[in-house]
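Beneath this line is the structure, given in structure tokens, with notes to follow.
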Amino acid sequence: MNAALNSILARLDTIGLTELNERASMLTRVDRKYALESDRASVILSHLPEATRVLQIGGRVSQGYASTYYDTPNMDSYLLTALKRRRRFKVRSRRYLSSGSSFLEVKTRGARGTTVKKRMTISPDEAGAPLAGERRRWVTDRVEPTGYAGLVPVLEPVLEGSYERNTLLLPNGEGRATVDTGLEWHSLRTDGTRVSGGDLVIIETKSGATPSVVDHLLWDKGVRPVKISKYGTAMAAMHDLPANKWHRTLERYFPEYVIDRAATRPSPLAAAA
């Protein structure tokens, strides 16, 4: 993480995980995502209200995350999001490296664009492993409302990602914000491509319908929400997949991975969609 950004976040008063979850679990929320360089993020976040608190676990305010994303051989979960289908889903396992906790998670879309996240505790050795037994049945039940439960039997691990995250509790019960840095991805498909986010910082606000103080700080500096998904953007950067939803983000932050798609043959996955 940029030293200035680290210093700003380390100066905030801290909060423990139990209290954070009691005050703002935010499993159903409106997400707004922003992509910017670390120097610019440092300037903006230096204006956080004094009452903002940062999550501390094991004496650290920056926690390491490791995620594994699951998709079908035809990349159906990816395509449902890339092609902006109203009903879609995302399945991942996540390891919280600071606390040692691991979860299996399913994200779907709720009413009025809200994100609904369901999760179950799993053992660390299950995180990233193929879905089986009770775990696959649990995912099937959560995906069922989208109409795509029939895809769950063929879900397989396709991408590993890691990053450092600072989690902020915003004043007056406004919700949370997260600050992600040090992003790295590794494709689990046949080519094993790796991608680094470099100086990229992803700030995500998680609140109700009303924009939070962090949203307003970003807007005041001309930073607007962007279409970015760690899973979607990384897969689009590494593979010849339809990426219209994330094309601007790819052009700006991953230009070395952007290919002239008009000069290439259409992806079989795009045709299948």
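Numbers here simply count residues along the sequence, with the first being 1. All values below were derived from every heavy atom in this structure, side-chain atoms included, with hydrogens, water molecules and symmetry-related copies excluded.
Put simply, the side chain of Lys90 never gets that close to the backbone of Lys107: no donor and acceptor are under 3.5 Å apart. Remark: the backbone N or O of Gly128 is paired with a side-chain donor or acceptor of Ser93 at under 3.5 angstrom. Ser7 places no side-chain N or O within 3.5 Å of a backbone atom of Ala3 that could act as its donor or acceptor partner. Judged by distance alone, the side chain of Arg85 and the main-chain N or O of Leu83 form a donor-acceptor pair under 3.5 Å.
The CG atom of Leu20 sits 5.0 Å away from atom CD1 of Ile15, with the distance rounded to the nearest 0.5 Å. Note that CG of Leu168 and NZ of Lys206 are 11.0 Å apart. Values are rounded to the nearest 0.5 Å. With rounding to the nearest 0.5 Å, the separation of CD in Glu156 from CG in Leu131 is 10.5 Å. Between Thr81 atom OG1 and Met235 atom CE the span is 12.5 Å, to the nearest 0.5 Å. Taken from CZ in Arg23 to CG in Leu169, the straight-line distance is 5.0 Å, to the nearest 0.5 Å. Atom CG in Asn166 sits 4.5 Å away from atom CG in Leu9 (nearest 0.5 Å).
Both Met120 and Val139 belong to a single network of hydrophobic side chains, linked directly or stepwise wherever heavy atoms of I, L, V, M, F, W or Y lie under 4.5 Å apart. Follow the hydrophobic side-chain contacts under 4.5 Å out from Val91 and you never reach Leu241; the two are in separate clusters.
For the pair Pro211/Thr205, no side-chain contact is recorded, criterion being any heavy-atom separation below 4.5 Å from C-beta on. With contacts defined as side-chain heavy-atom distances shorter than 4.5 Å, the pair Asp220/His47 does not qualify. Residues Leu80 and Thr146 form no side-chain contact, since every pair of their non-hydrogen atoms from C-beta on lies 4.5 Å or further apart. Side-chain contact between Ser101 and Thr121 is absent, with no heavy atoms from C-beta onward closer than 4.5 Å. Counting heavy atoms from C-beta outward, Val223 and Ile203 have side chains that stay 4.5 Å or more apart. Looking at heavy atoms from C-beta onward, Ser196 lies out of side-chain contact with Leu183 at the 4.5 angstrom threshold. Annotation: side chain of Tyr96 is not in contact with side chain of Pro124 (no heavy-atom distance under 4.5 Å). Proximity of Tyr69 to Pro157: side-chain heavy atoms (C-beta onward) are nowhere separated by under 4.5 Å.
Arg224 and Leu218 make their closest contact through NH1-O, 4.5 Å (heavy atoms, listed as atom of the first residue, atom of the second, distance). Closest of all the heavy-atom pairs between Gly192 and His186 is O-CD2, 3.5 Å. Considering every non-hydrogen atom in both Gly16 and Leu55, the closest pair reads C-CD1, 3.7 Å. A pairwise comparison of heavy atoms in Leu12 and Leu48 identifies CD1-CD1, 4.1 Å as the closest pair. Pairing each heavy atom of His239 with each of Ser187, the nearest pair is NE2-OG, 3.0 Å. Scanning all heavy atoms of the two residues, the minimum distance from Trp246 to Lys227 falls at CD1-O, 3.0 Å.
A salt bridge links Arg252 with Glu37: the closest approach of a Lys/Arg side-chain nitrogen to an acidic carboxylate oxygen falls below 4.0 angstrom. Ion pair Asp180/Arg165 flagged as a salt bridge, since at least one NZ, NE, NH1 or NH2 atom sits closer than 4.0 Å to an Asp/Glu carboxylate oxygen.
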Practice task
Tell me, with the steps shown, if Val226 and Arg248 meet side-chain contact (heavy atoms from CB on, under 4.5 Å).
Solution key: CA-CA 9 Å; Val226 297; Arg248 289 185 180 180; over 6 Å; no
Exercise for the section: Begin from the C-alpha positions of Glu19 and Arg53 and carry the test side-chain contact (heavy atoms from CB on, under 4.5 Å) through to its verdict. Expected result: CA-CA 11 Å; Glu19 184 181 357; Arg53 299 171 71 180; 3.3 Å; yes
Exercise for the section: Could you walk me through whether Asp215 and Tyr34 pass side-chain contact (heavy atoms from CB on, under 4.5 Å), step by step? Expected result: CA-CA 9 Å; Asp215 293 296; Tyr34 306 85; 2.4 Å; yes
Practice task
Show your working on side-chain hydrogen bond (donor to acceptor under 3.5 Å, both in side chains) between Arg95 and Ser102 and close with a plain yes or no.
Solution key: CA-CA 4 Å; Arg95 288 186 293 132; Ser102 296; 5.5 Å; no
Handout entry: Pair Arg109-Arg88, side-chain contact (heavy atoms from CB on, under 4.5 Å): steps then yes or no
Key = CA-CA 7 Å; Arg109 301 284 285 180; Arg88 54 186 186 259; 3.3 Å; yes
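More than 12 non-hydrogen atoms from other residues, nucleotides or ligands lie less than 6.0 angstrom from NZ of Lys245.
Side-chain atoms of Tyr231 and Asp71 form a donor-acceptor pair, as typed in the model, at a separation below 3.5 Å. Between the side chains of Glu174 and Ser212, no donor N or O sits under 3.5 Å from an acceptor N or O. No hydrogens or angles considered: a donor-acceptor pair under 3.5 Å links the side chains of Ser123 and Asp125.
Pairs of residues two or more places apart, or lying in two chains, that qualify as side chain to side chain donor-acceptor pair (under 3.5 Å) and include a residue from residues 130-139 are Glu126-Arg135.
The aromatic rings of Tyr148 and Phe89 are tilted relative to each other, their planes meeting at an angle between 30° and 60°.
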